[in-house]
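Notes for the one structure printed next.
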Amino acid sequence: MANKDVTDPARMEKIVSLCKRRGFIFQAGELYGGLNGCWDYGPLGAELKRNLKDFWWRKTVQERDDVLGMDGSILTHQDVLKASGHVDSFNDPMSECPLTKARLRADQVPAAGPGTEVTFLGAKDEESGKTTDKSFTVLIPEGKQEPERSAEKFAIQFYRELLGKGSKPVLDPAARESRPGPREGALYNPENGVMLSEPRSFDLMLSTKLGALALDNDPKAIAYLRPETAQSIFCQYKNILDSNRVKLPFGIAQVGKSFRNEINPRNFTFRSREFEQMEIEYFCHPDDGLRLTDEWLEARLAFYEEIGIPREKLHILDIPDGERAFYSQKTYDIEYEFPFGIQELEGVAYRTDYDLGVHQKGAGKPLEYFDEETKTKFLPHVVEPSAGCDRTVLALICEAFDEETLTDDKGKDDVRTVMRFKPSMAPIKVGIFPMLKKNEEQVAIAKDIQKSLQKWMTVFYDDGGALGRRYRRQDEVGTPYCITVDFDTLGENGEELKNTVTVRDRDSMEQERMKIDALLPWLLERVR
RNA sequence: GCGGGCGUAGCUCAGUGGUAGAGCGCCACCUUGCCAAGGUGGAUGUCGUGAGUUCGAAUCUCAUCGCCCGCUCCA
C-alpha cells in the first residue's frame with residue numbers, strides 16, 4: 001500500500017535532475033520531444049545497471065549449484081502468450097461512462113432492466129453561445145416518474161462538463177429521441193444508466209509482424225514483444241532439464257528486457273514501457289512450494305541488503321487470499337520506500353503448476369518430471385522471484401542520494417551532494433588526481449596508477465580545477481575513493497613518503513596515506 | 001484514458017505583445033600545497049513542436065509531444 005505520508009517530491013526532483021546532469025539517465029528520444037515511458041541510461045547509469053545485473057547473476061546463477069541461466073528471445077510466438085493467458089487478459093475490451101469517466105470491462109457490465117432510453121443530440125451554452133453536437137444517451141429505469149426530466153438532469157450535467165466550467169447548457173427539445181430500452185447490444189453504466197462508449201480494446205502488449213512482407217494483416221504473422229521473461233523459461237524448461245542433467249529442485253534464471261504498453265507511465269523510470277527484469281523460476285516438488293517461497297523471500301531480502309538497500313526501507317506484503325492471481329497460492333511483494341511512495345521492487349510468487357500446465361495443454365506436449373527415487377511422474381510446481389531491474393537501479397539511486405551540510409572553519413554552511421552507493425555498485429570506483437596539473441611528474445605517476453588500476457575496476461582521471469572541487473565532483477556520482485598524487489609522492493618531503501599517495505574516503509572525507517604498490521589489493525578488497 | 005499544473009541555456013529559473021536574460025555549471029588561460037567560493041576570456045537557445053491571430057508572438061488561440069500531481073489501470 002502506498003503511504004502518502006512518506007512522499008517527497010522535492011527530493012525526487014533533485015534526483016531526476018542529478019541523473020540527467022551527471023549522465024545517469026536521460027529520457028529516450030529527448031532530441032525529438034521525448035518518447036513516453038522510455039529511458040536511456042547514460043555512461044554512469046549504464047555502469048550502475050551493469051553492476052547490479054552482474055552481481056545478481058553471480059549471486060543467483062554462478063554462486064549456486066541449483067540455478068542455471070538462460071537468455072531468451074524477446075520476440076515471442078503468439079501461441080505461447082495465448083496459452084499463458086496474456087493475449088486474452090491483455091486485450092480486455094473496456095467501455096467508459098461519458099459522465100463519470102468510470103471505465104468498465106465490457107464483458108462484465110450487467111444487463112440493464114427495461115426503461116425509457118433518451119438520447120440528446122447536442123446542446124448550446126447560454127453564456128458563450130458555444131454549441132456541441134455530441135450525443136448523450138441515458139436509460140431511465142421503468143417506474144421512475146417523468147423519465148425525460150431525469151434524463152435531462154444527467155444530460156445537463158454531461159454537457160456542462162463538456163462545454164466547460166461555468167457554462168449553462170441548454171437542450172434543444174427537438175434534438176432528442178425517446179424510446180423504450182434497453183437497446184440490443186448497448187451497454188449502460190449500472191450506477192446511473194448512462195450509455196457507455198463502444199468497447200475498445202486496450203492492447204497492453206506490444207506486437208510486431210514477422211516476415212519482410214507482412215501482407216494482408218495476416219494474423220499469423222503477429223509476434224509479441226514479451227511482456228515478461230518468465231514465459232521463455234517455462235517454454236525451455238524441458239530442454240534445459242534434458243540437456244543439463246539436473247534434478248528437482250532447480251531454477252532457471254534470466255535477465256532481460258520486457259515490454260508492456262503501460263497506459264500511464266509514471267515516476268521516472270519506475271513504470272516504463274520497456275523495462276528489464278531479473279527473474280528466477282524455481283521448479284520443485286509440489287510439497288516443497290510453500291516452504292521454498294519463504295526461503296526465496298529471505299534470500300532476496302539478503303540480496304537487497306548486500307547491494308545497499310537497508311532492510312528497514314523494505315516492506316514485505318503478504319498478498320491476502322482473493323487479491324493474488326488466481327493460480328498463486330502465496331505471493332509476497334517486496335516494496336521499497338521511494339520518494340514518491342512505497343512501491344514494489346520484486347514479487348516472490350508461488351505459481352503452483354499453472355504455467356507448465358497451460359503450456360503442456362497449449363502445446364500438447366508432456367512437460368512432466370519423472371522422479372527416479374519415488375518412481376512418480378508429476379508436473380513440477382514453481383516459485384518465481386521476479387525483480388524489476390530498472391526499479392532496483394532507481395532504488396539504488398534514491399537510497400544513495402544524500403545532501404550533507406558541512407560547516408567550514410569560518411562557520412559557513414555548505415551543502416555536499418553525495419551518492420552513497422555501496423562501493424560494489426558505484427559506477428566509478430576510484431578517482432585519480434595529480435595535485436597540480438602543471439607538475440609533469442605528478443601527472444605521469446597519476447596516469448601510471450590509472451593504467452594499472454583500470455584493468456581491475458572503473459577509474460576516472462581528473463586534473464581540472466581545484467582539488468577540493470574534483471573531490472566533490474566524484475562525491476556527486478558516488479565514487480567511493482579518490483587517490484591524489486602530491487609533492488610527498490615525489491619524495492620532496494622525505495624518503496619515507498616517496499611513492500605514497502593519499503586515498504580519500506567519500507563518506508568520511510578522511511584521507512589515508514599509502515604506498516602506491518599497496519593500492520590494488522587494498523581497493524580490490526573494498527570495491528567488489 | 002480523464003481532470004489540473006507545467007515546458008525559456010547542461011541545471012534551477014526570471015521574462016505577459018516590441019532587440020532572448022540571471023545564477024550555477026561547462027571550455028580555455030592565469031592563480032591555487034587537500035574539500036565546490038580568485039582573475040580574465042569564451043561557447044551554448046528555431047523560448048518543446050506545428051499551425052493560427054497580429055505590422056510584430058517566448059508572451060494570445062488551437063493542435064500535438066513530453067513532464068509533474070490526482071483519478072483510472074497494473075494479467
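Here is the naming used below: chain letters follow the sequence lines, and residue numbers restart at 1 for every chain. Hydrogens, waters and symmetry mates play no part in the numbers below; they use all other heavy atoms, side chains included.
Nucleic acid contact class of A/Gly37 (heavy atoms, under 4.0 Å, all strands): sugar-phosphate only. Using a 4.0 Å heavy-atom distance criterion, A/Ser17 is classed as a sugar-phosphate-only contact. When heavy atoms are screened at a 4.0 angstrom cut-off, A/Glu13 is found touching no nucleic acid atom at all. A/Asn493 comes within 4.0 angstrom of a nucleotide base, judged by non-hydrogen atoms across all strands. The residue A/Arg473 sits close only to the backbone: its heavy atoms come under 4.0 Å of sugar-phosphate atoms, none of a base. Base engagement by A/Arg504 is indicated by at least one non-hydrogen atom pair under 4.0 Å involving a base atom. Residue A/Lys438 is classed as a sugar-phosphate contact, given heavy-atom separations below 4.0 Å to backbone atoms only. Among the heavy atoms of the strands, none lies under 4.0 Å from A/Asp475. Within 4.0 Å of A/Tyr327, counting heavy atoms only, lies no atom of the nucleic acid at all.
Straight-line distance between the C1' atoms of B/rC24 and B/rC62: roughly 37 Å, to the nearest whole Å.
In this structure, A/Arg472 reaches the B/rA36 phosphate: one of its side-chain N or O atoms is under 4.0 Å from OP1 or OP2. Phosphate proximity of B/rC67 to A/Gln27: present, with a side-chain N or O under 4.0 Å from OP1 or OP2.
Classified by interplanar angle (parallel below 30°, tilted 30° to 60°, perpendicular above 60°), the ring pair A/Phe24/A/Phe421 is tilted.
In this entry B/rA51 has B/rU61 as its Watson-Crick or G-U wobble partner, both defining distances falling under 3.5 Å. The partner of B/rC6 is B/rG66, by the rule that a Watson-Crick or G-U pair needs both atom distances under 3.5 Å.
Nucleotide B/rU72 holds its P atom 13 Å from the CZ atom of A/Arg271, rounded to whole Å.
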